[in-house]
S.K.: 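Questions regarding the structure given below will be posed in turn.
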Amino acid sequence: MLQHITIPRGPIELAADLHLPDRLPDDGDETAPLRAVVLSTPGSSVKEQIGANYASRLAARGIAALVFDPAHQGRSGGEPRDLEDPYRRGEDISFAIDTLSTIPGIDPDRIGVLGICAGGGYAVHTARTDHRIKAVGTVVPGDIGDSFRGFQPDGPASALDAMADARIAENRTGELTRVNWLPDTLEDAAAAGLTDIDTTQAITYYRTERGRNEHSTNRRLSRSDSLLLGYDAYHLVDQLMTQPLQVVLAGRIGNTGSYESGMRLWKLAPNPVDLLVVEGAGHYEMYDVPEYVDAAVDRLADFYSDHL
């Protein structure tokens, strides 16, 4: 069962989908409030994509799951559009919990998070200080700040200098600059010399009929990048994130850094409970390949059933 809801977030609203189980809770008591999970999705994605693949499967296993479009993206409000602010992404999760906690039939004391790709880092960063979150699940989690710092050929400090100059120029013209998350087509990627399997699979998911959604623009406001460069998703995890942790990783180690990031998180966390490596899967195959997604959700459902 799917309910379209809105999440108040100060002066704007977030567009969200609540996936509800269509069967009784595990104890068979139809009056018992449900455990629930808030999903934090990958950068550039909207709720109908990866988040829906996981939320619908969690609901089929008896766990309510809320997935939403981040502020400034998808069908959610917020200007300027296409902003990827990692701190606001974390705040979105807490606002989602505010709303979820008030929905009849949801147990506010049994709410967890599930973060996927960059959303994994956002979920972890939020769980450190929002202890209404009782369990933290991650799938191919990434620290987007660490990734962006690694992308800069002349180093992050030099990149920040260039970004400062670019923002001054933007303020003079009044025109905001947007950049691609990915090449729009496989042909564009090949022309740029990007033929590795991870880039190819990312484009195949996001930019073809396989996973494309009209509300996912594949554009990022360029002034997001200075925020991303200074972000550390795992800062103080070892001291503050006391909740039980599940990490699910893709077995084929590619160039996304999610395997390394997930293992770093696993070692940092004070309360790691379960680590699953899905053999044969690549990072982007964990988004929608049924064999791999089902394996992840089976393990996550057990984790949430035990810890929520």
Side-chain angles (χ1 to χ4, degrees), residues 5 7-10 14 16 18-19 25-26 32-42 51 54-55 58 62-68 70-71 85-139 141-146 231-248 261-276 299-308:
I5 67 172
I7 298 169
R9 193 200 195 287
L14 305 181
L18 178 60
H19 296 253
D26 294 338
L34 294 165
R35 55 174 64 87
V37 171
V38 173
L39 280 87
S40 176
T41 54
Y54 278 82
L58 286 170
I63 300 169
L66 178 67
V67 61
F68 59 89
D85 181 337
Y87 304 99
R88 288 182 69 80
R89 286 289 307 260
E91 291 173 350
D92 289 343
I93 297 170
S94 290
F95 279 106
I97 293 171
D98 290 341
T99 295
L100 187 60
S101 299
T102 66
I103 294 175
I106 300 296
D107 190 338
D109 294 320
R110 294 198 298 173
I111 293 176
V113 290
L114 172 58
I116 305 163
C117 190
Y122 297 147
V124 165
H125 196 263
T126 305
R128 301 168 316 137
T129 54
D130 192 338
H131 282 203
R132 294 176 300 171
I133 296 169
K134 303 304 182 184
V136 180
T138 62
V139 175
D143 177 351
I144 197 169
D146 186 60
Y231 184 67
D232 181 351
Y234 300 159
H235 180 56
L236 296 179
V237 160
D238 57 331
Q239 299 177 51
L240 301 178
M241 200 187 81
T242 56
Q243 301 96 321
L245 170 70
Q246 166 85 61
V247 176
V248 179
S261 176
M263 293 304 297
R264 180 161 66 95
L265 173 61
W266 178 256
K267 293 173 183 176
L268 280 172
N271 191 11
V273 169
D274 188 42
L275 173 66
L276 170 65
R299 196 72 154 253
L300 286 160
D302 288 345
F303 168 73
Y304 292 125
S305 294
D306 289 344
H307 297 285
L308 291 179

S.K.: Got a sec, which residues hit salt bridge (charged side-chain N to carboxylate O under 4.0 Å, His left out) with R128, two or more places apart in sequence or on another chain?
M.R.: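 Counting only residues at least two positions away or on another chain, R128 forms no salt bridge (charged side-chain N to carboxylate O under 4.0 Å, His left out).
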S.K.: Could I get the full list of side-chain contact (heavy atoms from CB on, under 4.5 Å) partners for T129, not counting sequence neighbours?
M.R.: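 Result, side-chain contact (heavy atoms from CB on, under 4.5 Å) vs T129: L240.
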S.K.: Are K267 and P272 close enough that some pair of their side-chain heavy atoms sits under 4.5 Å apart?
M.R.: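 No, their side chains stay 4.5 Å or more apart.
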S.K.: Is the closest side-chain heavy-atom distance between L308 and V37 below 4.5 Å?
M.R.: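 Yes, close enough: below the 4.5 Å cut-off.
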S.K.: Taking all non-hydrogen atoms of both residues, which atom of L34 and which atom of A64 are closest, and how far apart?
M.R.: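 L34 and A64 have their closest heavy atoms at CD1-CB, 4.4 Å.
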S.K.: Check whether any side-chain heavy atom of H131 sits under 4.5 Å from a side-chain heavy atom of Q243, and report yes or no.
M.R.: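 A side-chain contact exists here, since the closest heavy-atom pair is under 4.5 Å.
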S.K.: Got a sec, which pairs hit salt bridge (charged side-chain N to carboxylate O under 4.0 Å, His left out) with one end in residues 113-123, sequence neighbours left out?
M.R.: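 The answer is none; no pair qualifies.
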S.K.: Run through L300, V38, V67 and flag the one making a side chain to side chain contact (heavy atoms under 4.5 Å, CB included) with L114.
M.R.: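 It is L300, the one option of L300, V38, V67 that forms the side chain to side chain contact (heavy atoms under 4.5 Å, CB included) with L114.
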S.K.: Rounded to the nearest 0.5 Å, what separates atom OG1 in T138 from atom CD1 in I116?
M.R.: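 Here the rounded value is 10.0 Å.
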S.K.: Distance from H19 atom NE2 to L66 atom CG, nearest 0.5 Å?
M.R.: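 H19 NE2 to L66 CG: 8.5 Å, rounded to 0.5 Å.
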S.K.: To the nearest 0.5 Å, what is the distance between OH (Y304) and CZ (R299)?
M.R.: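 So the gap between those two atoms works out to 13.5 Å.
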S.K.: Please determine whether side chain to side chain contact (heavy atoms under 4.5 Å, CB included) holds for the pair Y122 and T41, giving the CA-CA distance in whole Å, both sets of side-chain angles, and the decisive distance to 0.1 Å.
M.R.: CA-CA 9 Å; Y122 297 147; T41 54; over 6 Å; no
S.K.: Indicate the atoms forming the closest heavy-atom contact of G51 with L39, along with that distance.
M.R.: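 Nearest pair, atom of G51 first, then L39: O-CD2, 3.5 Å.
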S.K.: What is the minimum heavy-atom distance between H307 and A135, and which atoms define it?
M.R.: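 So the two residues come closest at CB-CB, 4.2 Å.
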S.K.: Once you round to the nearest 0.5 Å, how far does CD1 of I93 lie from OG1 of T126?
M.R.: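 It comes to 3.5 Å.
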S.K.: Hey, what do you get for CZ (F303) to CG (D274), rounding to the nearest 0.5 Å?
M.R.: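 F303 CZ to D274 CG: 8.0 Å, rounded to 0.5 Å.
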S.K.: Looking at residues at least two apart in the chain, or sitting in another chain, which of them share a ring-ring contact (aromatic ring centres under 6.0 Å, His included) with Y234?
M.R.: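 Partners of Y234 under the ring-ring contact (aromatic ring centres under 6.0 Å, His included) test: none.
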S.K.: Just to verify, what does R264 make a salt bridge (charged side-chain N to carboxylate O under 4.0 Å, His left out) with, not counting sequence neighbours?
M.R.: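 R264 satisfies salt bridge (charged side-chain N to carboxylate O under 4.0 Å, His left out) with D143 once adjacent residues are dropped.
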S.K.: When you compare the side chain of N271 with that of T242, does any pair of heavy atoms fall below 4.5 Å?
M.R.: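 With C-beta onward as the side chain, the pair stays apart.
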S.K.: What heavy-atom pair brings V136 and A127 nearest, and what distance separates the two atoms?
M.R.: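 That closest heavy-atom pairing would be CG2-CB, 3.6 Å.
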S.K.: Relative to each other, are the rings of Y231 and H125 parallel, tilted or perpendicular (30° and 60° limits)?
M.R.: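 Geometry flag for H125 against Y231: tilted rings.
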S.K.: Going by the rule side-chain contact (heavy atoms from CB on, under 4.5 Å), which residues pair with D98 if we only count those two or more places apart in sequence or in a different chain?
M.R.: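 Only F95, R132 meet the side-chain contact (heavy atoms from CB on, under 4.5 Å) criterion with D98.
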S.K.: Working to the nearest 0.5 Å, report the span between CG of D107 and CG of L100.
M.R.: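 One finds 10.0 Å between CG of D107 and CG of L100.
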S.K.: Mark yes or no for whether S40, through its side chain, and G115, through its backbone, hold a donor-acceptor pair below 3.5 Å.
M.R.: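 Checking the backbone N and O of G115 against the side chain of S40, no donor-acceptor pair under 3.5 Å is found.
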S.K.: Please report the shortest heavy-atom distance between D130 and S94, naming the atom on each side.
M.R.: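 Looking at all heavy atoms of both residues, the closest pair is OD2-OG, 2.8 Å.
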S.K.: Can you check whether T99's main-chain N or O pairs, donor with acceptor, with T102's side chain at less than 3.5 Å?
M.R.: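 Answer holds: yes.
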S.K.: Restricting to non-hydrogen atoms, name the atom on L275 and the atom on M263 that form the minimum distance, rounded to 0.1 Å.
M.R.: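 Nearest heavy atoms, L275 then M263: CD2-SD, 3.9 Å.
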